[in-house]
Amino acid sequence: MQKGDHLFLVDGSAYIFRAYHALPPLTRKSDGLPVGAVSGFCNMLWKLVEESRDTSVGVCPTHFAVIFDHSSTTFRNALYDGYKAHRPPPPEDLRPQFSLIREAVRAFDLPCIEKEGFEADDLIATYTRLAVEAGGDVTIVSSDKDLMQLVGPSVILYDQMKDKRLGPEDVREKFGVYPEKMIDLQALVGDTSDNVPGVPGIGPKTAAELLETFGTLEALLERAGEIKQAKRRENILAHADQARLSKQLVTLDQNTPLDTSLDDLFIHEPDGEKLVAYLKAMEFTTLTRRVAAKLGTDASEVAPAPVTISDAPRGPDLDAGGDTALAGGGAEGAMPLTPAGLAAERLSEAASTPVDRSRYETIRDEARLEAWIARAYDTGLLAFDTETTSLDAMRADLVGLSFAVAPGEAAYVPIGHIGEGSGDLLSGGEAADSVGLQLPLGRVLDLLKPVLTDPSILKIGQNTKYDYLVMLRHGIDIAPMDDTMLISYVLDASSSLEGHGMDELSERFLGHKPISYKDLCGTGKGAKPIAACPIDKVTEYAAEDADVTLRLWRVLKPRLVAEGMSSVYERLERPLVPVLARMEERGIRADRQILSRLSGRFAQKAAGLEADIHILAGEPFNVGSPKQLGEVLFGKLGLPGGKKTKTGQWATDARLLEDLAAQGHELPRRIVDWRQITKLKGTYTDALPTYMDEADRIHTSYSMASTTTGRLSSSEPNLQNIPVRTQEGREIRTAFVAPDGHKLLSADYSQIELRLLAHMADIPQLTEAFRQGQDIHATTASEMFGVPVEGMPSEVRRRAKAINFGIVYGISAFGLAAQLSIPQGEAASYIKRYFERFPGIRDYMDRVKAFAKEAGYVETLFGRRAHYPDIRSSNPQVRAAVERAAINAPIQGSAADIIRRAMVRMEDALKAERLQARMLLQVHDELVFEVPDEEVEATIPVVRRVMEKAAEPVVDLAVPLVVDARAAANWDEAH
DNA sequence: TACAGATCTTA
DNA sequence: GTAAGATCTGTAC
């Protein structure tokens with residue numbers, strides 16, 4: 001910086017509060033995110049930028065910065081703990097706006113400056129000093145009188161809202177003293193809002209008069225005896241120290257450490273696209289238009305920026321300030337202003353606007369379809385649903401599409417309907433007359449593609465992975481998308497509440513029961529395909545689904561902000577939808593021959609065992625019937641150890657049969673073997689080929705919203721429970737193969753849950769053991785039993801391993817005893833010893849339980865919540881079971897969050913390295929890829945890096961995450 | 001035909 | 001002791 005340069009310093013924090021209070025509340029229309037202060041701030045900043053680009057005015061800045069307060073505690077709190085003590089916490093609906101405003105500054109391409117331990121004013125003071133010393137001029141954009149002490153010959157204060165510029169003479173006019181005496185004046189007067197005491201009875205007028213007479217505060221305090229007015233004299237004498245303290249408090253620090261040098265504040269042209277993208281994301285239409293015009297950017301070409309949302313602090317009363325707990329209630333006062341208020345308003349609105357199916361339209365021509373698309377552009381929203389021939393998105397053909405653009409405004413486009421009654425006849429043609437005119441599929445897709453891919457139109461669906469995948473198969477990559485099922489899941493994941501299906505949500509939140517699929521198509525034998533149902537009925541059904549989805553979204557979306565769950569939804573759910581859809585679409589290659597050979601072998605073996613069993617039993621019976629089996633074993637043969645299940649039947653589970661076999665009984669051994677073989681055959685080798693497509697690939701379906709903890713689940717077929725423990729089971733894995741020229745790459749987290757437990761409970765022995773790369777079960781055994789790790793008997797280690805697993809599951813003596821086949825008393829003493837060696841684990845568990853009881857939920861490291869209302873049950877059995885689940889959920893859930901984060905980042909990371917690896921499967925702590933042979937070596941480190949760093953930067957783990965990765969021709973060898 | 005319970009597979 | 005899904009049996013409808 002040099003003479004002639006001009007520095008603009010914007011007091012960002014002061015401006016936020018001013019904008020918040022001065023402007024009417026404003027919420028982002030699509031989700032109710034409060035953005036009033038953001039809007040005011042952006043308008044102000046744009047005005048400044050615009051003015052400063054206007055060279056005719058003559059105050060063009062060469063340097064520019066926006067300064068914020070960083071934290072509430074500064075060096076002033078050390079001087080005086082009452083400093084700013086009476087400041088109320090920021091209003092609930094202002095809190096989420098702070099980070100949005102910082103993003104705004106970055107979108108304007110301006111330096112955004114803050115520093116731990118200092119107020120914005122101190123940073124402003126320091127930059128001002130530096131600029132003046134360098135010979136430059138300074139304009140401080142603020143109206144805060146605390147900054148007047150900085151005004152000087154080359155420093156002015158600019159109050160933009162009042163459009164006033166204050167120089168030294170103006171300060172004198174306003175306060176009766178020149179800026180250099182402002183500090184002394186403030187010290188005498190004090191400041192009630194900052195809780196600076198000052199001297200009682202001295203206001204600005206008296207203070208100015210006194211400073212006029214005595215020159216400085218110090219002189220005044222020394223010669224206070226000379227003051228004629230008795231009361232005034234006494235006050236000053238009595239509060240001299242208080243005045244000195246006040247002076248320290250109001251004096252701005254002109255020597256704060258700086259991370260950004262003055263020269264780095266040099267101004268440059270704003271990046272039009274970046275700024276427009278941000279403003280679009282905030283949905284500031286007027287400002288977007290204005291900025292785009294001025295900067296020569298085509299706003300329609302720019303996608304809204306992904307905006308990071310930092311959630312409000314969570315948890316029950318964990319904050320030092322007791323008043324934060326009250327903020328969440330928000331029922332009283334100006335309801336719609338707060339996120340919680342908006343959510344409540346939306347809920348009552350939903351209950352009071354009935355669904356009217358007669359208003360739905362059947363779209364049969366292009367003009368009407370275009371009219372509906374135009375409506376979507378008006379509202380910026382398009383709730384969307386597909387009607388198809390199958391629940392399996394990979395096999396589904398489109399029958400029709402429905403959409404809604406506002407509550408009650410919904411329509412259905414029939415595409416693939418066939419004549420009524422022709423459902424089970426394969427001929428379709430001649431009956432088609434009865435369905436009337438239908439737009440051809442290709443035409444409908446051509447018309448819809450622009451709106452479905454338009455970044456400014458938010459598509460809303462229920463279980464969007466399904467619709468996304470169906471449309472992806474038609475070459476349409478829908479974006480952006482919101483999913484009511486996933487929003488509900490993030491808000492209300494719970495073991496006792498029902499699920500997140502649309503019909504359920506509709507009844508719960510809208511008090512409306514939609515037409516069920518059964519009502520429309522019938523059930524069982526009389527069921528018709530939807531394509532053969534009357535179109536007027538399908539219109540009611542399908543348009544209602546879109547309508548209900550839109551209404552649900554209006555109720556649920558604002559709750560994300562109100563309940564501080566936006567980042568879980570935005571970071572862990574929404575971006576995973578397309579990732580999983582592509583994984584499902586790819587599928588994994590399987591080898592028919594291997595499966596069929598195994599089926600044959602298992603059939604033979606099962607037949608042999610069955611014959612033996614019948615001979616040993618002395619009669620033929622259905623070995624697969626636990627009921628008949630129990631009668632044979634414990635009734636007819638009178639074997640010992642008979643237990644009853646809760647329904648009064650004989651228990652015949654594997655553990656029990658194993659125990660009998662260990663006592664030398666032949667029959668139970670055979671039954672265990674028979675069960676294993678028939679299980680493998682029935683569930684895997686016979687079933688898997690029925691899922692294979694023409695290319696011999698199996699496409700599982702992942703459910704994102706069916707676990708309480710955040711794990712995924714897999715079905716049709718479930719590829720998350722393919723056998724691995726026994727040799728015969730593992731052979732099934734050899735049937736999962738890579739195509740020619742490729743390998744399967746399997747990468748799995750090592751001990752992720754124990755590592756997370758060590759981190760979350762902060763157990764030094766365990767974190768250290770993980771850092772050293774030690775065998776964690778052996779280390780545990782060594783700690784517990786005092787046995788050296790070297791030469792440890794495998795049985796000792798096995799017990800420690802069972803205990804470690806038990807801990808993660810919320811251990812009980814009963815469970816551990818069952819697992820290790822030892823008496824309950826012995827198990828209890830193990831647990832006791834474990835807690836003696838690792839008291840931190842017990843403390844952690846107690847904390848989690850207490851939190852769950854208070855809050856009704858527990859949280860993962862990333863803020864995902866699992867609700868356990870039954871933890872307050874008066875039934876001790878129920879309560880203990882829920883407590884175990886609540887202890888496990890943060891651990892299992894944090895691991896689930898971490899692998900989700902890895903999955904979200906994986907495709908871009910691979911693409912950035914120009915690798916062709918394709919992610920196919922997720923099995924809780926494992927990811928499976930298909931990789932060209934020649935890229936295996938290059939792919940492994942990339943996959944490993946993404947997975948090992950997946951917690952960052954949100955969570956800084958005290959333990960390393962370790963990923964084992966291996967590639968081979970089939971899944972068995974790769975795993 | 002539909003559902004609950006028992007069993008077994010995985011992490 | 002946590003979290004899932006699939007299959008089979010047996011029974012209710």
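Please read all numbers here as calculations on a predicted model, not as lab measurements.
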N/O contacts under 3.5 Å, protein versus nucleotides 11-13 of chain C?
{"residue": "C/dT11", "atom": "OP1", "partner": "A/Lys627", "partner atom": "NZ", "Å": "3.1"}

NA contact type, A/Arg884, heavy-atom cut-off 4.0 Å: base, sugar-phosphate, or nothing? sugar-phosphate
Applying a 4.0 Å non-hydrogen cut-off, can you work out what A/Ser706 is touching in the nucleic acid: base, sugar-phosphate, or nothing? sugar-phosphate
Ion pair present between A/Lys636 and A/Glu619, side-chain N to carboxylate O less than 4.0 angstrom? yes
Report which part of the nucleic acid A/Arg675 touches: base, sugar-phosphate, or nothing (heavy-atom distance under 4.0 Å, all strands). sugar-phosphate
Any donor-acceptor pair under 3.5 Å linking the side-chain atoms of A/Thr860 with those of A/Asp897? yes
Just checking A/Ala687: base, sugar-phosphate only, or nothing, at a heavy-atom cut-off of under 4.0 Å? sugar-phosphate
A/Gln676 near the nucleic acid: base, sugar-phosphate alone, or nothing, with a heavy-atom cut-off under 4.0 Å? sugar-phosphate
Count the heavy atoms of every other residue, nucleotide or ligand shown that sit under 6.0 Å from CD of A/Gln877, and state whether that count exceeds 12. no
May I ask you to say what A/Ser812 touches in the nucleic acid, namely base, sugar-phosphate or nothing, with a heavy-atom cut-off under 4.0 Å? base
Side-chain heavy atoms of A/Trp674 within contact of A/Glu610, under 4.5 Å: yes
Using a 4.0 Å heavy-atom cut-off, does A/Glu926 contact any base of the nucleic acid, only the sugar-phosphate backbone, or nothing at all? nothing
Electrostatic pair A/Glu753:A/Arg711 at N-O distance under 4.0 angstrom: yes
Using a distance-only test with no angle check, is there a side-chain donor-acceptor pair under 3.5 angstrom linking A/Trp650 and A/Gln628? no
For A/His500 and A/Ser488, does a side-chain donor sit closer than 3.5 Å to a side-chain acceptor? yes
Would you indicate, yes or no, if C/dA3 has its OP1 or OP2 atom less than 4.0 angstrom from a side-chain nitrogen or oxygen of A/Thr707? no
Winner on side-chain proximity to A/Ser713, out of C/dT7, C/dA4, C/dG10, is C/dA4
Does a sphere of radius 6.0 Å around CD in A/Glu716 hold more than 12 heavy atoms from other residues, nucleotides or ligands, not counting ones at 6.0 Å or beyond? no
Assign A/Asp748 to base, sugar-phosphate, or nothing according to its heavy-atom contacts below 4.0 angstrom with the strands shown. nothing
Hey, is A/Arg872 close enough to A/Glu854 for a salt bridge, meaning N to O under 4.0 Å? no
Using a 4.0 Å heavy-atom cut-off, does A/Ser703 contact any base of the nucleic acid, only the sugar-phosphate backbone, or nothing at all? nothing
Within the 4.0 Å heavy-atom criterion, would you say A/Ala654 contacts the bases, only the backbone, or no part of the nucleic acid? sugar-phosphate
Quick check for you: name the first and last nucleotides of DNA chain B, 5' to 3', having an atom under 4.0 Å from a heavy atom of chain A. B/dA2 to B/dA11
Sorted by number, residues from residues 797-809 of chain A placing a heavy atom under 4.0 Å from DNA chain C are A/Ala802, A/Gly806, A/Tyr809
Under 4.0 Å between a side-chain nitrogen and a carboxylate oxygen: does that hold for A/Arg597 and A/Glu731? no
Answer yes or no: is there a donor N or O on one side and an acceptor on the other, between the side chain of A/Thr652 and the main chain of A/Gly630, under 3.5 Å? no
Look at A/Arg879 together with A/Asp870 and state whether they make a salt bridge at an N to O cut-off of under 4.0 Å. no
Indicate, with a heavy-atom threshold strictly under 4.0 Å, whether A/Gln628 touches base, sugar-phosphate, or nothing. sugar-phosphate
